[in-house]
Amino acid sequence: MASQKLSLRLAVCLLNISEARKKDVVERVAKAALWNNQGEKKIQTTVLNIFSDYDYNRSVITIAGPVETLGNSVLTACVEAFHLIDMNAHVGIHPCLGAVDLVPIYPLSDSVSLEECGRVACDVAEKLTLDVPDCSLFYFGYADQPLKRTLVQRRKELKWFNRSSLKGTERKADVGAAISSRCGLTGVGASPYVMNCNVTIDAQDLNVGQQIACAVRGANVGGLAGIQAMAFPHEGTVEIACNVESWKGETSSPLTEEKEKHISYCIQGEEYVYFSPSYIEKHIKKLANNFGVATVGTALIGFTPQRCKNLAEKAIGEGTGEFWKKRKVLTM
């Protein structure tokens with residue numbers, strides 16, 4: 001079993017779909033990743049986790065497998081999602097443009113390169129245009145050649161944060177059909193692993209949450225590197241939703257206290273670093289205290305890169321495709 005694990009060159013897709021209120025639909029999309037068109041099980045694919053948020057009406061499905069075959073699993077899941085989800089009927093507080101909103105491919109094994117993940121993403125996009133003729137897609141990261149624009153850059157360019165008109169002239173797909181109201185616009189790309197870490201504050205004032213999100217955002221003075229943050233009203237409180245990106249380089253200090261802020265991992269022998277979920281929670285708690293409010297919970301959507309890799313090896317080694325059922329479906 002150990003030798004089998006060592007031979008796997010793993011990658012993962014944290015597939016974001018615009019549905020969370022219909023559990024049967026979300027699970028049908030997840031299960032579609034595990035079977036081919038002939039009804040045969042994909043023995044080296046596993047769905048590690050499903051995270052669904054009712055208020056957001058958004059689910060993140062963690063699909064892992066060998067980089068050589070992951071694209072086919074992601075493709076069948078996307079096709080099922082496009083078949084089942086109609087953006088005309090979608091209601092939720094989280095920004096989104098597509099029934100399948102985001103298809104990011106991340107390397108898990110050190111031997112898997114970002115360029116290889118970019119090629120997988122492009123292949124998925126090209127095949128989607130054949131299997132779902134009405135879909136429209138944009139590229140980001142290592143799928144966006146030669147510019148390699150980040151997801152944040154592309155979302156700003158395409159006004160992802162404002163869905164008022166899916167067919168506006170300011171939005172044009174990189175590949176596929178003209179943007180339709182049913183399928184919307186889907187981002188497909190590759191980058192170093194991006195986590196989602198959401199911290200809830202015990203407040204109803206969205207303005208307080210927005211100020212905290214602004215303070216933690218890496219692009220702002222005093223913010224945390226690699227963090228994008230937004231604030232949303234959520235179940236009577238306010239949630240600070242953070243995308244946690246990795247950056248290339250060593251931890252900033254040899255001091256133990258400083259190292260505890262960061263976690264590192266390798267891609268092709270190069271070290272990448274990101275702020276740990278525990279430190280993000282601690283930092284947001286400190287910022288919230290300045291407004292006289294407390295934090296009441298933190299949710300990590302999926303896993304850290306290392307945990308994701310370890311669980312993928314375990315699940316594939318055991319032949320467990322529906323691994324998420326062992327963990328239960330995670331919801332908020």
Side-chain angles (χ1 to χ4, degrees), residues 1-16 29-49 60-81 100 102-132 137 139-145 148 175 186-194 246 265-270 272 302-303 305-324:
M1 191 69 69
S3 61
Q4 181 184 6
K5 289 183 180 180
L6 290 172
S7 68
L8 295 177
R9 302 178 62 251
L10 296 174
V12 66
C13 175
L14 271 61
L15 181 66
N16 286 235
V29 174
K31 289 177 180 179
L34 303 174
W35 302 86
N36 64 24
N37 293 332
Q38 289 72 46
E40 299 168 334
K41 188 176 181 181
K42 301 172 184 175
I43 59 172
Q44 287 196 325
T45 299
T46 182
V47 176
L48 295 175
N49 192 60
V60 181
I61 302 171
T62 304
I63 306 167
V67 68
E68 298 86 356
T69 58
L70 178 66
N72 289 331
S73 299
V74 173
L75 176 67
T76 52
C78 288
V79 170
E80 185 73 359
V100 176
L102 187 64
V103 187
I105 309 294
Y106 308 133
L108 289 179
S109 298
D110 186 7
S111 60
V112 177
S113 70
L114 290 164
E115 290 79 7
E116 192 170 5
C117 289
R119 290 193 292 271
V120 171
C122 289
D123 186 59
V124 169
E126 290 168 7
K127 289 178 178 176
L128 270 174
T129 63
L130 299 176
D131 291 348
V132 187
L137 309 109
Y139 290 128
F140 66 90
Y142 280 75
D144 179 40
Q145 297 293 344
K148 297 182 186 175
V175 63
T186 300
V188 183
S191 73
Y193 197 100
V194 178
S246 310
Y265 65 101
C266 287
I267 301 174
Q268 295 268 282
E270 293 189 286
Y272 284 76
F303 316 95
Q306 300 89 332
R307 179 69 171 157
C308 189
K309 177 177 179 290
N310 292 342
L311 288 178
E313 289 177 339
K314 174 181 171 63
I316 293 170
E318 295 174 349
T320 305
E322 297 180 0
F323 189 83
W324 86 86

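Values in this document were obtained by computation on a predicted structure and should not be read as measured data.
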What residues form a side chain to side chain contact (heavy atoms under 4.5 Å, CB included) with [X], not counting sequence neighbours?
X: Ala81; answer: Ile17, Val29, Ile85, Val100
X: Glu270; answer: Lys248, Tyr272
X: Lys31; answer: Glu27, Glu322, Trp324, Lys325
X: Ala190; answer: Ile105, Cys117, Tyr142

Sequence-distant partners of [X], salt bridge (Lys or Arg N to Asp or Glu O under 4.0 Å), two or more places apart:
X: Lys127; answer: Asp123
X: Glu115; answer: none
X: Glu126; answer: none

Approximate separation, where rounding is to 0.5 Å, of [X] [atom1] and [Y] [atom2]:
X: Leu34; Y: Ile43; atom1: CG; atom2: CD1; answer: 12.5 Å
X: Ser109; Y: Ile267; atom1: OG; atom2: CD1; answer: 11.0 Å
X: Leu114; Y: Arg119; atom1: CG; atom2: CZ; answer: 11.0 Å
X: Gln145; Y: Tyr139; atom1: CD; atom2: OH; answer: 11.0 Å
X: Asp131; Y: Thr76; atom1: CG; atom2: OG1; answer: 9.5 Å
X: Phe303; Y: Thr62; atom1: CZ; atom2: OG1; answer: 5.5 Å

Inset, instruction - Would you please name every residue forming a ring pair (Phe, Tyr, Trp, His ring centres under 6.0 Å) with Tyr106, sequence neighbours left out? - result: Tyr193
Legend entry - Minimum side-chain heavy-atom gap Pro104-Val194 below 4.5 Å: no
Inset, instruction - Would you check if Leu15 and Val103 make a side-chain contact, meaning some heavy-atom pair closer than 4.5 Å? - result: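 Heavy-atom side-chain distance check passes, below 4.5 Å.
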Partners meeting side chain to side chain donor-acceptor pair (under 3.5 Å) with [X] (sequence neighbours left out):
X: Gln306; value: Tyr274
X: Asn36; value: Glu40
X: Lys148; value: none

Ignoring hydrogens, what is the shortest heavy-atom contact between [X] and [Y]? Give both atom names and the distance.
X: Leu48; Y: Ala315; result: CD2-CB, 4.0 Å
X: Pro305; Y: Tyr265; result: CG-CE2, 3.9 Å
X: Val188; Y: Ala121; result: CG1-O, 3.3 Å
X: Ala30; Y: Val47; result: O-CG2, 3.5 Å
X: Leu10; Y: Ala312; result: CD1-CB, 3.9 Å
X: Cys78; Y: Leu128; result: CB-CD2, 3.7 Å

Inset, instruction - Would you confirm whether Ser113, through its side chain, and Glu116, through its main-chain N or O, come within 3.5 Å as a donor-acceptor pair? - result: yes
Legend entry - Backbone N/O of Ile316 and side chain of Thr46: donor-acceptor pair under 3.5 Å: no
For a quick test of your reading: what N or O donor-acceptor pairs under 3.5 Å do the side chains of residues 65-74 make, sequence neighbours left out?
residue, atom, partner, partner atom, Å
Glu68, OE2, Arg9, NH1, 2.7
Thr69, OG1, Pro66, O, 3.4
Ser73, OG, Ala33, O, 3.3
Ser73, OG, Thr45, OG1, 2.8

